[in-house]
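Since the structure comes first, as structure tokens, the remarks are kept for the end.
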Amino acid sequence: MTSHTRIKFPAGFWTGLHQLGISPHDVVRKARLPLTIITESAVTTAQYFAIWQAYSDLIDDIAKGIIKLATVFETAHYPPPVLATYHARDFRDALNRMARYKQLCPPESLRITEKGESCTIELDWQDTVQPGPPMLVGITLAFLLELGRRGTGQPLKARLVEFSQPMGDIQALEAYFGCRIRIGANHNRLTLHRGDLDLPFVSYNAELLEILTPVLDHSLDEQQNSRSIIETVKWILKRSLTGGRPDIQMVASELGMSDRTLQRRLTDEGTSFKHLLTRVRHEQARDYLSDPSLDIKEVAFLIGYEDQNSFYRAFRLWEGDTPSNWRTQHLGN
């Protein structure tokens, strides 16, 4: 189950598909989504993943799909957060901006570490238990190298690329990244030569950055403030679930606001109290079931279900399986 997060799909994505001779309509149909999604400004995480998976299914090889899309995407179609990275001072500045502004367009998040001769960029998922499709993983890492190549105007090579899932034609990917590719790793990670990070960007544009940076920083601050109301409500709910069903009045009074104000603030964030309560119960259920010392009746009580049957019904809706099957599968891994 993914959260209420809305993801902006860059318009250039559909243009890029056109240039590759792939019809956006075919992708959307394959993803089993309404055609109107092409013109919508935002999609849910599940829809976002489905679109990437559909693109992947329509291209005969993941590796080719990654390389084609990474290289065909025109700079002119970059959305503002990416535009700001392209016009950064140097490759390091670009990567740091990318990691910062990625928070504005989830579900991917990037963790950058510089150590010795290397700089590693690890890809994680925000707000979602489910990892993204391999095509999206590959494109995200390829795009970071592509950014460096376009920005510096030099044919940069990576040191190592690690993927957790199969990626199709490895030779093609090794030729593209200019290094060894490891499949079946514990993480998805791009390792660069640290020295390349000092290379200046020929596309550096101080005036444009002066306009874009404050706007993007403001959006980020707004988003982090709004996240805190959601996170705070979830935190209060987690503390008060056991043996009962916390209501909005209780949470609102703990936050020192009326329940109407709280409901309005949650609606502004595209969620509701009921949705958050369900989400917290789902998250807690998974956590508790991962602890073999708790029996299922206890888990039901801990997440606020009076009887086991209601818990079973809810859990089947969330995971498509019974709590005991889910536990056997996950503890067996």
Side-chain angles (χ1 to χ4, degrees), residues 1-7 42 44-46 49 103-104 106-107 109 124-131 219-333:
M1 175 167 154
T2 48
S3 73
H4 66 278
T5 307
R6 304 288 285 166
I7 297 154
T44 65
T45 306
F49 285 173
Q103 299 172 69
L104 282 171
S109 71
D124 269 328
W125 305 103
Q126 299 176 25
D127 280 350
T128 169
V129 207
Q130 167 200 10
S219 303
L220 201 55
D221 288 344
E222 275 192 337
Q223 189 170 306
Q224 280 164 346
N225 290 339
S226 71
R227 177 166 304 152
S228 65
I229 183 82
I230 291 174
E231 294 310 320
T232 311
V233 168
K234 282 176 71 181
W235 180 73
I236 294 172
L237 287 173
K238 278 183 181 171
R239 280 186 8 226
S240 38
L241 270 185
T242 308
R245 195 187 172 127
D247 57 23
I248 190 162
Q249 285 81 5
M250 184 219 90
V251 176
S253 71
E254 194 156 330
L255 287 167
M257 58 176 80
S258 73
D259 47 335
R260 283 183 62 182
T261 304
L262 176 57
Q263 193 61 65
R264 196 184 63 241
R265 285 193 61 184
L266 292 175
T267 307
D268 288 347
E269 296 315 319
T271 187
S272 68
F273 182 78
K274 200 174 156 201
H275 179 85
L276 288 182
L277 178 59
T278 306
R279 227 173 106 188
V280 166
R281 286 177 139 175
H282 182 192
E283 286 170 17
Q284 295 289 83
R286 292 175 63 108
D287 285 350
Y288 290 139
L289 286 170
S290 304
D291 176 353
S293 70
L294 293 171
D295 69 33
I296 289 175
K297 203 158 46 199
E298 257 179 296
V299 174
F301 174 76
L302 286 170
I303 62 168
Y305 284 98
E306 308 283 317
D307 68 303
Q308 227 174 308
N309 288 344
S310 323
F311 171 53
Y312 265 81
R313 275 198 301 276
F315 197 82
R316 279 205 94 110
L317 278 174
W318 300 330
E319 295 286 343
D321 210 341
T322 65
S324 38
N325 281 352
W326 188 91
R327 170 177 262 174
T328 313
Q329 239 182 324
H330 287 76
L331 292 181
N333 287 347

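The shortest heavy-atom contact between Leu266 and Ser272 is CD1-C, 4.2 Å. Between Tyr288 and Arg327 the shortest heavy-atom distance is O-NH2, 3.6 Å.
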### Query
Hey, mind stepping through Arg286 and Trp326 against side-chain contact (heavy atoms from CB on, under 4.5 Å) and telling me if it holds?
CA-CA 9 Å; Arg286 292 175 63 108; Trp326 188 91; 3.7 Å; yes

### Task
Check the pair Leu277, Asp247 against side-chain contact (heavy atoms from CB on, under 4.5 Å), reporting the backbone distance first and the verdict last.
CA-CA 9 Å; Leu277 178 59; Asp247 57 23; over 6 Å; no

### Task
Check step by step if side-chain hydrogen bond (donor to acceptor under 3.5 Å, both in side chains) holds for Asp307 and Ser310.
CA-CA 6 Å; Asp307 68 303; Ser310 323; 2.4 Å; yes

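Glu283 contributes atom CD, which lies 3.5 Å from atom NZ of Lys234 (distance to the nearest 0.5 angstrom). For the atom pair Thr322 OG1 and Gln329 CD, the distance stands at 9.5 Å (nearest 0.5 Å). Note: Arg281 CZ to Lys238 NZ = 14.0 Å, rounded to the nearest 0.5 Å. Annotation: the span from Ile229 atom CD1 to Arg265 atom CZ amounts to 4.0 Å, rounded to 0.5 Å. Taken to the nearest 0.5 Å, the CG atom of Leu302 stands 9.5 Å off from the CZ atom of Phe311. Here the CZ atom belonging to Arg316 is positioned 7.5 Å from the CG atom belonging to Asn325, to the nearest 0.5 angstrom.
Relative to the ring axis of Tyr305, Arg313 does not place its NZ or CZ within 45° and under 6.0 Å from the centre.
Under the side-chain hydrogen bond (donor to acceptor under 3.5 Å, both in side chains) criterion, Asp295 pairs with no residue at all, not counting sequence neighbours. Residues satisfying the side-chain hydrogen bond (donor to acceptor under 3.5 Å, both in side chains) test with Gln249, not counting sequence neighbours, are Asp259. Shown here are the salt bridge (charged side-chain N to carboxylate O under 4.0 Å, His left out) partners of Lys297, two or more places apart in sequence or in another chain: there are none.
By the 4.5 Å heavy-atom criterion applied to side chains, Gln263 and Ile248 are counted as neighbours. Side-chain atoms of Pro246 and Leu237, non-hydrogen and from C-beta on, do get closer than 4.5 Å to each other. Between Thr271 and Ile230, the closest side-chain pair of non-hydrogen atoms falls below 4.5 Å.
The aromatic rings of Phe315 and Trp318 lie perpendicular to each other, with more than 60° between the two planes, well past the 30° mark.
Side-chain polar atoms of Ser290 and Asp287 form no donor-acceptor pair below 3.5 angstrom.
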